[in-house]
Amino acid sequence: MASPLSKKGSNDKKKSSSNDLQPGVTTRNVARKAKIQTRAMSTNLKPSSSLLAAKKKALQKKRTNFEVELRDHFQNAMDSKNVEKGQVELVLEKRMLEHLCLWDPNYPECPERLSSIIDRCNELDLIRRCVLSEICMATKEDVSKLHSPSVYDLLLTTHKSDNTDYLESISAKYDAVYIHPSSHELSLMAAGSTVKIVEDVIRGKAGSGMALVRPPGHHAMTAEPCGYCFYNNVGLAAQHALTELKLSRILIVDWDVHHGQATQQMFYDDPRVVYFSIHRYEHGSFWPNLRQSNFNYVGTGNGTGYNFNVPLNQIKMQDSDYIAIWHQLLLPMALEFQPQLILVSAGYDAALGCPEFSPELVLCSAGYDSALGDEKGEMEISPACYAHLTHMLMGVTGTMVVVLEGGYCLASLAESAALTLRTLLGDPVPPLRSFTPPSESIQETILNCIYVHKPYWNCFNYQPTYSMDTTVLNVSDVTKEKHIVEVKWLGDEERPETFATRNCYPIQPQKFLDDVNRKLSQLKITTDLFVPQHRVCYVYDEAMLKHKNVHESDHPERPERISRIHTRLQEFKLLDRMRKLESRIATDEELELGHTSSLLSWLRSTATCSNQSLANQQEKYDSVYLHNDTFLSASVAVGSVLQVVDAVLGGEAGSGVCIVRPPGHHASEDLPCGFCLFNNVGVAAKYAMSLHSLKRILILDWDVHHGNGTQSMFINDPRVLYISLHRYDHGTFFPSSTEGNYTQVGESSGRGFNVNIPWNKRGMGDKEYLAAFTQIVLPIAYEFNPELVLVSAGFDACIGDPLGGCKVSPECYGRLTHWLMGLARGKLLLCLEGGYNVRSISYAMAMCTKALLGDPVTHNYESRSPPHSSAVESINDVIGVHKQYWKNLRFQKALPKENVLPAPAPSREGLNIVSMKIEDVRFPTSIGGHGSDALHTDPNYSCAYVTIETDGGKVGYGLTFTLGRGTEIVVLACKSLKQFIIGKNAVDIFKDFGSFWRVLTSDSQMRWVGPEKGVMHLAVAAVINALWDLWGRVENKPVWRLLADLTPEEVVSLIDFRYITDVVTPEEALKMLKEKEAGKQQRIKTLLDDGYPAYTTQVGWMGYPDNLVKALTKKYISMGFDSFKIKVGVNPEDDYRRCKVVREAIGNNRNLMVDANQAWDVDTAISCMKKLAEFKPMWIEEPTSPDDVLGHAKIAKALRPFGIGVATGEMCCNRVMFKQFMQADALEFLQIDSARIGGINEILSVYLMAHKLKVKVCPHAGGVGLCEMVQHLQMWDYVSLSGTMQDRLIEYVDQQHEHFVTPTVVENARYRAPKTPGYSTEFLADSVQKFVYPHGTEWQRMFKEGVFPYPVED
Ligand SMILES: [Zn+2]
Ligand SMILES: [Zn+2]
């Protein structure tokens, strides 16, 4: 109804309706006129202003391409024509009952969990109605997509094992895990079958699915089984759907009462997966006791905003608490996200009676038998609530797979899981128990979640804001409705060495169990699981076509409205799927339930009036026309609706569709109005109350006009909740009365039971209607808990309607219908009211009907932009007045404008170190003499290669350099350090790295084989390097940058100052570092732009002939090098000749360095070097034994007059030796080696001493991986300590880089600053596989070909 149609100005009416109201026709006419006008213009005729206006209008219409757009708008509806509800696939495999705890018969994760579900499903005859899924085993490769292969390898060792002690000992390594001989196989089966069912659903073989699998999965981390879980079933299925099935939006809803920390970890940075978890938390004191389970962990990187944690900080949460989470958080987000698949991690341990197993609780408690399992353990979610949670999600997308996780109270578990399956099958959703208001605690949690997610989602913009700035006056200061956002933490993150494997769960006292069982069986009896004979019925009668406007044949309220709907339902083959009811004429008594007898008799009298008399009479009313058959049609309309009421309340049908006219909602007790004569829905409500004794009826009126008639009929009746969404336009939209405003909340005892949601602007669409539903309609309706839902289903807010000016899509109406079916056990009547574009209304009614029939609703709309600001305002106004009546609306509290939360603490999650692998990797460099020098004539560049892995799948790689033989000893030494590493959380190590370093180097027994020197210390370097690589990767930074970003205090905390405080104290170190804080950023930039200078050792290895040396020197000059080092020390003549060759080649302006590699005695060194002085070497490197401090001092002193410096360090064994070298003035150039002394931590202390004593550091890098590592350290020195590159060079040797994942890059003789996270220490897997000694494929080949001898056997 719109004002042009009101009784005054009925002459204009015709014109306006043909020009404006029927866009299809109008467009063409106006366009044609415009075309004529264009021709007229070309003949220089002045166009009339009205024609110009018409032309402009036509152009506008053309621009919006109205007709095409219309066709597109109905495309979704047309496409869904043949999309019917698919079958429900079920994973059910009796073998999954085999997995049980052999040493503890009372273990809660027991086979009865599954068997009790199966029994209950059979009782309800659900399994027969499903298709059984093919049982699939995941392969090692499958599970390796998210898990470390080590998990598979470990479980394989338990396969069919009859050694119970072994099984228990392995189990004890993990938190809350038991391993059975069948666990290996069954966990692969659970994972494989979950992947399979998801695949079937996505490929359309089934509509939805449920996987009843054991063992569960959501705690299974990348490299560590945890909390009864081995492989992450849901995580693997999601990963499969992303990579193999090419989905791009997956929603994982985890309603298990424990946080699925593993699933969170796996997708934490992935914006394709929203992980939404509701879990008991109690500020961290509930298992798994992680900071990361809190609301402020919202994801990282591209995935920021895509991780939702809804922590429950209180026990005994009720259905209404969970429902509120759905309405306030999950549904709005899910609608905006529009997932292609919903995976539910369906644990039922929040269900009533579940003992809430919490292993941590046991470990902390000495006398657990009495302390545990008291009644305060549990949440109190009723089984029926799970049906609602499922049903509401199905309204987001029907493409849904529910996967069993936890749940330990067998009775509630079985009932809850069965009701979930029943809901997937499409049975009516059982009503919930009586309403309890959402708790204070959940209000706090929900508002916290909204606060942290507001920046990432448009759907969370209903709360007002306040400023933390106290000088700003906030409205909420006055109203005191301010929400304080804060993070509380009461948890403890320590990890025990081993975990309890027995009795590690609460035992519920018998009295409690009895109580729970009584409650549950009570619920089982009272829960309404009635299934009606027919799912949906409908009524339609051609008698209702008779009423028509004979004076105005194009009046919008015309008979085709219902005939077209009827045809459309037929075309969609929906009529065959519904029970057809006979129509009937409403009796006078029935009509008088809602209307006065005078209205009745007057309308009856019109049946025999002349046309003229009818015309005169209708003028008395607002927008009403009369016909001799009006009374008949109107009585049949009411009677038909009553037929449907009887069928639905009598159990013949679940819900009903009333294809009726004339419409009714404007008709009041005694007054027809706005095309309406009798109020069909109003009479139906009165009828249901008086004849069926109903006490609570919801009338939902989504006609674009306010149902003023209906409102007036129930304005003071608390039994009828009237909710209307309509255009209001500040009171100017038909029926143009302030009665339609949000301020009309009902009268006397009916206060609060009248809810008007007024739109003040045109153009409202799906987003606004969906928002009104999640914010207002559903919360209020769930609290009201109606016994019957009557929908005044006008479709004049639908796109294309000539009167409404809104743009709701037909599918959106289908979706709204779906959600309303969650109420009143699905007893819902759709009664046609307005709607004047017959295409729009026929598609809209078809989509609603399909929703009633359980077909999936395909709804695509632009969801990422915010709802209309005017709609947000309206919604807030409604909540503002109604929150005093409805406790479900208690979320309207002001949130801070500013960011008030500290950055999340470093995450310990997933950083427990679970494995350390050491490999002996050797490259056959002795072939060809690369790397050869005076003492090391045939080196095979090698290393002990350490790989550290955490439970979250983070990996660090480290190495220490060796020359081949003997590497196996270093490998053994590394292994002996394992005991200090495994089981530690990496965050604990990093946060006190200095102390940890001492643990590694000063073990009271092991230090005898050191201390801090030799093989043991090489091993320390390898392990420490791996930890640094891990740290860099965790922080997502290259190590040089990680170091540069640490504060001076943090750097100092990395270092063990024992034995060196006579040269440098922590305080001095701090001072030196602080001095260089200024200019740091500029130096970082310089480094990134220019890199760091390098020198080459590549031209003069001892084994190289002169002509090769000459050629190489030329080559490296052309590459930009200006410093060259050659090997000396075999015999003086050769040294002389080689120096001469190089010096001649490089000229006098480039640097020559020589390296004797410890070949000489002290005096020999002096005399040999004097002979080479004419070539002006910059330094002599390692002239004698690396331990001879005084010898070096003597050499240095003797050569100083010749301008030759002494350089050493690559074999210096620790910081103490370095200290002495510097104290004795024994070196000018300090050659730190990255794979020696105790790794980075100790090296930093040497840098600090060198800086203080003004010794230049020029790192050694001749070996595998040394360039890769040492560049980071020298760059840190430039940025944070020395602040200069003057006279400093990093050695560069162009060998073995090809084996690294991120090799060193040297361009123009400068090291480029590494950009990838970590320490650049990771080998290519292929290289390891080839060169691991002695089993690598290359070594095996070389042994066979006789290039190298086979290693000697033990
Ligand atoms: Zn659980
Ligand atoms: Zn209407």
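When a ligand or atom number is given, it counts from 1 through the structure's own listing order.
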Within the stated cut-off of 2.8 Å, is an N/O/S atom of His258 closer than that to the Zn ion (ligand 1)? yes
Relative to the ring of His258, is the ring of His219 parallel (under 30°), tilted (30 to 60°) or perpendicular (over 60°)? perpendicular
Using the Zn ion (ligand 2) as the vertex, how large is the angle between OD2 of Asp703 and OD2 of Asp796, rounded to 10 degrees? 90°
Between Phe276 and Phe308, what is the ring plane arrangement, given parallel below 30°, perpendicular above 60°, and tilted in between? parallel
Which N, O or S atom name in His705 marks its closest approach to the Zn ion (ligand 2)? ND1
Measuring to the Zn ion (ligand 1), does Asp349 have an N/O/S atom at a distance below 2.8 Å? yes
Does one side chain, of Thr445 or Tyr281, offer a donor that lies under 3.5 Å from an acceptor on the other? no
With the side chain counted from C-beta on, respond yes when Ser441 and Met317 share a heavy-atom pair under 4.5 Å apart, and no when they do not. yes
Considering just N/O/S atoms, say which atom of Asp256 is closest to the Zn ion (ligand 1). OD1
Please determine which of Asp701, Asn754, Asn756 meets the side-chain hydrogen bond (donor to acceptor under 3.5 Å, both in side chains) test together with Tyr722. Asp701
